[in-house]
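First comes the structure, then the notes that go with it.
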Amino acid sequence: MIKIEHLVKNYGSTCAVDDISFEVGKGEIVGLLGPNGAGKSTTMNILTGYLSSTSGSVSVAGVDVLDDPIEAKKHIGYLPEQPPLYLDMTVEEYLIFNYNLKGCKLNRNKHLEEICEVVKIKDVYKRVIKNLSKGYRQRVGIAQALIGSPEVIIFDEPTVGLDPKQIIEVRNLLRNLGKDHTVILSTHILQEVQAVCDRIVIINKGKIVADEKTENITRAVENNRRFNVKISGPQKEVLAMLRSKPGIVYAEVLPQRDGDAYSYMIESEVGIDIRKSLFYSLAEKKWPLIGMEAMGMSLEDIFIAIVDQSAPKQRYERKSAKTRGRAEAENEIAKTITQKTAKSAEERYSALFDDDSDKK
């Protein structure tokens, strides 16, 4: 549905988008992530025909955005970070205005009624937009993007400024839209991407540094087996046992203490569930296991490690022993995801360009 090939955008001597290529299939929800200034908004502006590219190509539903921008825009619904609302209009007037502007051929009353039902703005249909709350204004912006039932819908930070209840409602709406539309979602809220998107594309400094299915990144996070265990027993002997136990690759004492029980951070080998084995080993030593808590790595950790692999090391060097060692795990996962992305991209495009990229 969307195909971007070797896209480049320069602003004078500054390269905002640096030779990126990816595709989005029909019915797919893709999260476009990256730090401020990474090139996300520039990519979306080129995709919607708002900006021209320096080089490369972008096509939507088989239509080249540069060659035939008007036809390409017929397939796109777009909600920028600041919804393009006319505050002195009523919701009804604004949606009718957009309906006419887009040259929509669907039955107007029925079509707008269906959209209002989907985004839940029927109760404010006759109200002036400037009198609406931030949440309702955002919904009106989403409604205008849906007019004409475009195959592709692009959202730039759709939940900024919304309260928790409104955020959940917008997330549910995005999931429902993904059943009939191709959706690109740009956001800084990583939990939102994890909850809604099928795939994650991460851009940093104008380049794609990761392109993975959400479930694969989640699985990589879950495979990082770290636990906070509280054990009652002689500290040095317990630590020595943990470090020598097969299946445990890392162990250290944490600052917390509860009477004669000390806390330890342990990390097991990938694919090994150490919990039962550790329980029996402690029982043999007659060292009571007071508690065990999983310390999963969050999507935020993975994101930071991917966009700047030096950041985790610097960050954790300043912290206590509790978190020292996470950097290695994060960097390893980030490296795996990034290498996999680079390899798959090379395989996709080397045949087209006869490996010219190797000569650059």
field: Close side-chain approach of Leu47 to Val60, heavy-atom, < 4.5 Å
entry: yes
Assess whether atom CD of Glu113 is packed by more than 12 heavy atoms of other residues, nucleotides or ligands within 6.0 Å.
no
Student check: side-chain heavy atoms of Asp88 and Lys130 closer than 4.5 Å: yes
Q: State whether the number of non-hydrogen atoms from other residues, nucleotides or ligands found under 6.0 Å of Phe279 atom CZ is greater than 12.
A: no
Nearest heavy-atom contact between Met292 and Phe227 is CG-CD2, 3.9 Å
Residues at least two apart in sequence or cross-chain that pass ring-ring contact (aromatic ring centres under 6.0 Å, His included) with Tyr50, listed by chain then number, are none
| Any ion pair linking Lys285 and Glu237 (charged N to carboxylate O, less than 4.0 Å)? | no
Contacts satisfying ring pair (Phe, Tyr, Trp, His ring centres under 6.0 Å) that involve residues 93-140 (not counting sequence neighbours) are Tyr86-Phe97
Only one of Gln138, Lys120, Arg139 passes side chain to side chain donor-acceptor pair (under 3.5 Å) with Glu169, and that residue is Arg139
- Decide if atom CZ of Arg275 counts as having more than 12 heavy atoms of other residues, nucleotides or ligands within a radius under 6.0 Å. no
Output yes when a side-chain donor or acceptor of Ser21 lies under 3.5 Å from a complementary backbone atom of His6, and no otherwise.
-> yes
- Item | Carboxylate-amine/guanidinium contact Lys207 Asp19, below 4.0 Å | no
